Amino acid sequence: MKGVLLVNLGSPKSPEPKDVKPYLDEFLMDKYVIDVPYLLRAFLVRGIILRKRPEESAHAYKKIWWKEGSPLMVLSERMHKKVQAKATVPVALAMRYGEMTIEKGLQELHEQGVTDVLLFPLYPQYAMASTLTILVLAEEIRKKKFPHMKFTDVPAFYNKPDYIKNLADSIKKSLDDYGDYDQLVFSYHGIPERHIRKTDKTKSHKKFTTNVMCCQPGTPAAEFCYRTHCYETTRLVVEQLNLPKDKYCVTFQSRLAGDKWLEPYTDVEINNMPAKGIKKIAVVTPAFVTDCLETLEEIAMRANEDFVENGGKEFLAIPCLNDDDNWVETVSNWIEDWASEKAAV
């Protein structure tokens with residue numbers, strides 16, 4: 001019997017420091033997030049970062065928290081409910097971090113008799129700190145708890161035409177309501193440059209040039225290249241929206257100090273825009289399909305405030321796809337295509 005496990009990032013149980021701290025510990029101690037030897041990672045995370053970060057992050061979470069709970073969790077559950085209503089196979093929802101674990105999701109499918117699982121990381125672009133960590137953990141759990149199960153992975157879908165159409169339509173709808181603007185910022189989650197080198201089986205990533213794709217889409221070097229996936233997502237959306245070159249840019253947000261991360265940085269670029277005469281901007285965050293702390297607090301609140309403080313006039317944070325009906329239809333169609341292929345074998 002076939003079934004699907006949708007997997008998203010996760011969230012603390014509450015926006016209180018006592019719940020934020022264990023969540024951050026699980027997240028930052030992941031060897032695919034901070035990819036240094038265990039002892040060094042433990043020193044950095046538990047000896048330095050977790051001394052102050054839980055209180056700071058809790059403050060940020062409190063600013064975006066809904067009555068129903070974490071926005072990411074609520075929106076993921078809404079999307080899951082809609083997808084399950086359309087799917088002809090069982091669909092479970094899990095999170096990489098937090099209480100809604102991958103093991104619980106697999107257990108739910110197991111109890112429904114599922115033995116053939118479609119693992120669906122809800123990340124358009126491939127990265128070791130998002131997609132890979134989900135796949136590795138799921139396989140470890142499968143071997144220990146569900147050896148009878150067989151997994152099929154959904155590959156990065158950053159260039160799938162129906163996803164691109166969903167994203168482009170969502171952006172167009174927001175921009176049509178917003179009116180004429182100076183710049184559309186495609187802000188992707190940042191990662192250390194070394195993460196791309198680590199996932200590159202061709203070992204061809206030597207240098208990164210700002211605003212230039214580091215490898216050709218469709219080549220072996222691009223298969224697991226997060227940076228190329230981001231630029232290709234942008235190119236395809238821009239093509240659909242027919243945007244001129246001077247109307248958009250690509251940036252990367254959320255970085256830790258001490259490493260060389262992908263550039264240009266979202267905060268730096270946005271803060272410099274007013275001085276260049278760019279006073280009305282819109283920001284879209286295509287590394288996420290669900291709104292979360294990084295989109296709702298870092299972009300919609302902090303980046304907005306900083307932009308205005310630096311002389312900007314109008315700022316629009318474009319929502320993620322969330323539980324948009326067209327996006328739900330796309331995900332449901334992918335699931336049915338997979339289920340039908342399996343049934344025909």
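The structure presented is a predicted model; accordingly, all values stated were derived computationally and were not measured. Hydrogens, waters and symmetry mates are skipped; everything else that's a heavy atom, side chains included, is used. Start at 1 with the first residue, then count along the sequence.
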query = In the single-linkage hydrophobic clustering (I, L, V, M, F, W, Y; side-chain heavy atoms under 4.5 Å), do F120 and L132 co-cluster?
reply = no
E336 versus V89, closest heavy-atom pair with distance = OE2-N, 4.4 Å
ask   = Do D267 and R255 meet the salt-bridge criterion of a basic N to acidic O distance under 4.0 Å?
value = yes
query = So which heavy atom on L72 is nearest to which on T290, and how close?
reply = O-CG2, 3.8 Å
message = Between E232 and R235, does any side-chain N to carboxylate O distance fall below 4.0 Å?
response = yes
request  = Inspect the surroundings of NZ in K247 and state if more than 12 heavy atoms from other residues, nucleotides or ligands are less than 6.0 Å away.
outcome  = yes
ask   = What are the two closest heavy atoms between V36 and R41, and how far apart are they?
value = O-NH1, 2.5 Å
query = Going by the angle between their ring planes, with limits at 30° and 60°, are Y23 and F27 parallel, tilted or perpendicular?
reply = parallel
message = I'd like to know if E263 and K260 make a salt bridge, using a cut-off of under 4.0 Å between side-chain N and carboxylate O.
response = yes
message = With rounding to the nearest 0.5 angstrom, report the CG to CG distance, N322 to D325.
response = 12.0 Å
key: Side-chain touch M29/R46, heavy atoms, less than 4.5 angstrom   = yes
ask   = Is the number of heavy atoms from other residues, nucleotides or ligands within 6.0 Å of NZ (K21) greater than 12?
value = no
task = Apply the test side chain to side chain contact (heavy atoms under 4.5 Å, CB included) to residues Q253 and T285: give CA-CA distance (whole Å), side-chain angles for both, the deciding distance (0.1 Å), then the verdict.
result = CA-CA 9 Å; Q253 67 189 77; T285 49; 3.6 Å; yes
message = Could you check whether any side-chain N or O of S170 sits under 3.5 Å from a backbone N or O of N166, counting only pairs where one atom can act as donor and the other as acceptor?
response = no
ask   = Are there more than 12 heavy atoms of other residues, nucleotides or ligands under 6.0 Å from atom NZ of K62?
value = yes
note = The residue among D25, D30, N8 that forms side chain to side chain donor-acceptor pair (under 3.5 Å) with Y97 is D30
task = Determine, using the 4.5 Å side-chain heavy-atom cutoff (strictly less than), whether F307 and Y181 are members of one ILVMFWY cluster.
result = no
message = Would you say M79 ends up clustered with I102 if hydrophobic residues are merged whenever their side chains have heavy atoms under 4.5 Å apart, either directly or through other cluster members?
response = yes
remark   = Rounded to the nearest 0.5 Å, the CZ atom of R142 sits from the CG atom of L119 at a distance of 10.0 Å
ask   = Given the rule in the side chain to side chain contact (heavy atoms under 4.5 Å, CB included) test, do D162 and N333 qualify, once you have shown the distances and angles that lead to the verdict?
value = CA-CA 10 Å; D162 32 10; N333 288 340; 5.6 Å; no
query = Below 4.5 Å, heavy atoms only, C-beta onward: do V91 and H80 meet side chain to side chain?
reply = yes
request  = Return yes if some donor-acceptor pair links the side-chain N/O of E55 with the main-chain N/O of P17 below 3.5 Å, else return no.
outcome  = no
query = Is there a donor-acceptor contact under 3.5 Å linking the side chains of E111 and Q107?
reply = yes
inquiry  = Please determine whether a side-chain nitrogen of the Lys or Arg among K173 and D169 lies less than 4.0 Å from a carboxylate oxygen of the Asp or Glu.
reply    = no
task = Flag the pair T199 / Y226 as yes when at least one side-chain heavy-atom distance between them is below 4.5 Å, and no otherwise.
result = no
ask   = Is there a side-chain contact between C225 and H205 (heavy atoms, below 4.5 Å)?
value = yes
request  = Check whether more than 12 heavy atoms from other residues, nucleotides or ligands sit under 6.0 Å from atom NZ of K82, and answer yes or no.
outcome  = yes
request  = Nearest 0.5 Å please: distance from the CG atom of D35 over to the NZ atom of K198.
outcome  = 3.5 Å
ask   = Okay, side chain of S340, backbone of D337: is any donor-acceptor separation there less than 3.5 Å?
value = no
ask   = Does the side chain of Y123 reach to within under 4.5 Å of the side chain of I134, using non-hydrogen atoms?
value = yes
remark   = Between C230 and F252, the two heavy atoms sitting closest are SG-CE2, 4.0 Å
task = Could you tell me whether E297 and R302 have a side-chain N and a carboxylate O separated by less than 4.0 Å?
result = yes
Expected output: side-chain S332 to main-chain A87 donor-acceptor under 3.5 Å = no
ask   = Y178 ring centre to K280 NZ or CZ under 6.0 Å, with the angle to the axis within 45°?
value = yes
request  = Give me the ring orientation class for F288 and H189: parallel if the planes are under 30° apart, tilted from 30 to 60°, perpendicular past 60°.
outcome  = perpendicular
query = So how far is it from L137 CG to T133 OG1, rounded to the nearest 0.5 Å?
reply = 6.5 Å
query = Is a side-chain N or O of Q216 found less than 3.5 angstrom from the main chain of A222, in a donor-acceptor match?
reply = no
task = Is it possible for you to say whether F224 and I191 belong to one hydrophobic cluster, with membership spreading through side-chain heavy-atom contacts below 4.5 Å?
result = no
request  = For residues P121 and L135, report the shortest heavy-atom separation together with the two atoms involved.
outcome  = CG-CD2, 4.0 Å
Side chain to side chain contact (heavy atoms under 4.5 Å, CB included) assessment of I196 paired with F208 = CA-CA 10 Å; I196 293 178; F208 298 99; 4.0 Å; yes
request  = Tell me, yes or no, whether the heavy-atom count around K203 atom NZ, taken from other residues, nucleotides or ligands under 6.0 Å, exceeds 12.
outcome  = yes
message = Applying side chain to side chain contact (heavy atoms under 4.5 Å, CB included) to T228 and Y158, what does each step give before you reach the verdict?
response = CA-CA 10 Å; T228 295; Y158 66 96; 5.7 Å; no
ask   = Relative to each other, are the rings of H148 and F146 parallel, tilted or perpendicular (30° and 60° limits)?
value = perpendicular
query = So among V283, N310, D306, N304, which one has a side-chain contact (heavy atoms from CB on, under 4.5 Å) with I270?
reply = V283
request  = Check whether the side chains of E298 and S254 place a donor and an acceptor atom closer than 3.5 Å, and report yes or no.
outcome  = yes
query = So, does D200 use its side chain to make a donor-acceptor pair with the main chain of T202 at under 3.5 Å?
reply = yes
key: Donor-acceptor under 3.5 Å (E329 side chain, V83 main chain)   = no
query = If you measure from CG on N271 to OG1 on T266, what distance do you get to the nearest 0.5 Å?
reply = 10.5 Å
ask   = Looking only at heavy atoms, what is the nearest atom pair of V33 and H195, with distance?
value = O-CE1, 3.4 Å
key: salt_bridge(E108, K104) N-O dist < 4.0 Å   = no
message = Tell me if the centroids of the rings in W327 and F157 come within less than 6.0 Å of each other.
response = yes
ask   = Mind checking whether L75 and W66 have side chains closer than 4.5 Å, heavy atoms only?
value = yes
key: Same cluster (ILVMFWY, side-chain, under 4.5 Å), V185 and V237   = no
message = In the structure I gave you, are the side-chain heavy atoms of I49 and L24 within less than 4.5 Å of one another anywhere?
response = no
4.5 Å side-chain heavy-atom contact, L296 and P71 = yes
inquiry  = Let me confirm one number: the CZ-OH distance from R227 to Y188, rounded to the nearest 0.5 Å.
reply    = 12.0 Å
key: Exceeds 12 heavy-atom contacts within 6.0 angstrom, atom NZ of K145   = no
